[in-house]
Number of protein chains: 2
Amino acid sequence: MEERQISKAVIKRLPRYYRYLGEILNSGVERISSGELSNKMQVTASQIRQDLNNFGGFGQQGYGYNVKYLHDEIGKILGVDRIHPMIIIGGGNFGHALANYDFEKDGFVTKAIFDVRPELDGTDIRGIPVMMMDRLEDFVSREPVEIAVLTLPKSRVAEVARRLTCCGIRALWNFAHLDLDVPEGVVVENVHLSDSLMQLSYRISNYEEEQG
Amino acid sequence: MEERQISKAVIKRLPRYYRYLGEILNSGVERISSGELSNKMQVTASQIRQDLNNFGGFGQQGYGYNVKYLHDEIGKILGVDRIHPMIIIGGGNFGHALANYDFEKDGFVTKAIFDVRPELDGTDIRGIPVMMMDRLEDFVSREPVEIAVLTLPKSRVAEVARRLTCCGIRALWNFAHLDLDVPEGVVVENVHLSDSLMQLSYRISNYEEEQG
DNA sequence: AACTATTTGACAAGAAATTGACAGGGATTT
DNA sequence: AAATCCCTGTCAATTTCTTGTCAAATAGTT
């Protein structure tokens with residue numbers, strides 16, 4: 001299956017298409033044209049068609065797109081039709097919040113939370129067990145964990161990332177304000193909240209017409 | 001002061017420059033060339049020079065850039081040299097986590113947390129008072145609040161955003177998985193965690209050479 | 001069954017972002 | 001003080017991304 005490289009800009013837009021299509025699907029609409037979707041989403045119809053065509057033709061001339069079919073197909077492309085077992089490293093406020101988030105409907109299931117504080121050992125969050133860091137390698141080797149969520153202090157993240165990649169983790173969702181250096185084959189997705197906040201701050205100071 | 005529009009791509013990179021320069025500054029380095037920074041940051045030197053030149057020439061031929069000066073200037077551009085009073089709407093896990101985050105060093109100071117649960121009324125998080133939602137308009141009118149952080153359930157966000165923009169809030173940092181519709185002049189920065197996770201999921205399934 | 005209205009997929013044109021190249025000015029060395 | 005080296009700012013080339021256009025195909029209508 002030789003496909004040409006899909007651009008990052010396209011991938012970034014897919015979750016938004018997925019979300020809108022899900023809502024449209026729930027509202028009971030069966031079919032939609034790129035033009036209608038374009039109106040709802042405030043992007044050009046041309047871009048929608050072009051984006052979708054990267055993955056093959058999901059529509060039909062004179063009809064448009066079947067909402068359920070398109071939603072499902074985008075789900076497959078994004079991988080949300082599969083189960084992705086996760087572990088959260090760092091049981092602080094953020095780890096706690098993420099453990100309570102409803103990612104499960106998209107297949108992201110948290111299997112365990114790791115921390116260093118002895119008082120948390122043996123406790124659980126919404127049924128998800130909290131374990132001590134020394135059991136990390138053991139757990140990851142035995143259980144089919146795909147994604148590790150990093151919500152621990154900046155100073156300890158690099159070391160933990162090394163341990164995780166050593167025992168076979170292929171994906172890191174990194175909340176630490178730090179660029180991780182990982183071996184070939186490991187994917188890292190950063191959530192740099194301060195960066196986001198600084199962009200907001202810039203836009204407050206330099207307000208100009210938005211494309212809203 | 002008539003400046004031409006700076007592209008979003010450039011703004012998105014500024015916080016990262018700011019972070020690296022801060023670290024370099026802390027390590028005691030006084031000057032740096034675009035080439036050295038390029039190595040550290042894994043972007044082209046040309047891009048660094050081009051990005052910085054959007055805001056004027058901060059460097060000097062034969063010398064490079066003064067780290068402290070450049071760091072400060074980017075800070076000013078991003079607005080982190082000023083105080084940005086914030087309020088957090090939604091005192092759940094996420095609101096709680098954000099209230100404990102150390103955004104203050106960059107000038108983002110949380111003044112209050114709003115919630116609907118009566119049992120939280122009068123409590124505080126790290127000294128930040130938790131208030132009931134009915135005091136929202138009153139508080140925002142009296143205090144110089146700039147940014148509202150939205151960490152409440154999807155179903156209630158739109159209504160709260162309307163209330164906030166009505167009483168003069170100019171910036172929303174939105175954690176709800178929903179695109180907000182706001183009046184002209186209000187800036188919204190979204191943090192869509194599920195989108196980020198879905199992009200990670202895509203990249204797990206479709207791994208190919210990264211530009212790392 | 002023929003006709004009209006829709007609407008995709010493909011392609012080309014246009015816009016934007018990134019990279020490469022280099023002249024010129026300042027720093028450093030001899 | 002002169003010569004050499006370094007490195008920016010800028011411009012041009014290239015690449016990537018976005019938008020507009022239209023033939024062809026299907027749906028719906030008469």
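Below, chain A is the first sequence line, B the second, and so on; all start at residue 1.
One interatomic measurement links the two molecules: CD of B:Gln47 to P of C:dA16, which rounds to 17 Å at whole-angstrom precision. Note: CZ (A:Phe55) to P (C:dG9) measures 14 Å, nearest angstrom. Rounded to an integer number of Å, the gap from CG of A:Asn54 to C1' of D:dT18 is 12 Å. Taking atom CG of A:Asn66 as the reference point, atom C1' of D:dT26 lies 15 Å away to the nearest angstrom. In this structure, A:Tyr65 places its OH atom 18 Å from P of C:dT6, rounding to the nearest Å. Residue A:Asp51 contributes atom CG, which lies 15 Å from atom C1' of C:dT8 at whole-angstrom precision. Rounded to an integer number of Å, the gap from B:Ile48 CD1 to D:dG9 P is 12 Å. When rounded to the nearest whole Å, the span between CD1 of B:Ile32 and C1' of D:dC6 equals 15 Å.
A heavy-atom distance below 4.5 Å is not found between the side chains of B:Met131 and B:Asp115.
Between B:Ala9 and A:Gly57, it is A:Gly57 whose nearest contact on DNA chain C lies nearer the 5' terminus. Sequence order on DNA chain C of the closest nucleotides to A:Phe58 and B:Arg13 puts A:Phe58 first from the 5' end.
Note on residues 5-49 of chain A: pairs passing ring-ring contact (aromatic ring centres under 6.0 Å, His included), not counting sequence neighbours, are A:Tyr18-A:His71.
Defined by atom type and a distance below 3.5 Å, a donor-acceptor pair is present between the side-chain atoms of A:Arg82 and B:Ser205.
Checking the phosphate oxygens (OP1, OP2) of D:dT8, a side-chain nitrogen or oxygen of B:Ser34 falls inside 4.0 Å. The side chain of A:Asn53 places an N or O atom within less than 4.0 Å of a non-bridging phosphate oxygen (OP1 or OP2) of C:dA10.
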**Item:** Under 4.0 Å protein heavy-atom contacts per nucleotide of nucleotides 20-30 of chain C, with B for base, S for backbone only and - for none
**Value:** BBB-BBBSS--
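Residues forming a ring-ring contact (aromatic ring centres under 6.0 Å, His included) with A:His96 (at least two apart in sequence, or on another chain): none. Residues meeting the salt bridge (Lys or Arg N to Asp or Glu O under 4.0 Å) test with B:Asp195, sequence neighbours left out: none. With sequence neighbours excluded, the residues satisfying side-chain contact (heavy atoms from CB on, under 4.5 Å) with B:Val29 are B:Ile24, B:Ser27, B:Val67. Scanning for salt bridge (Lys or Arg N to Asp or Glu O under 4.0 Å) contacts around A:Asp81 gives an empty result, with sequence neighbours left out.
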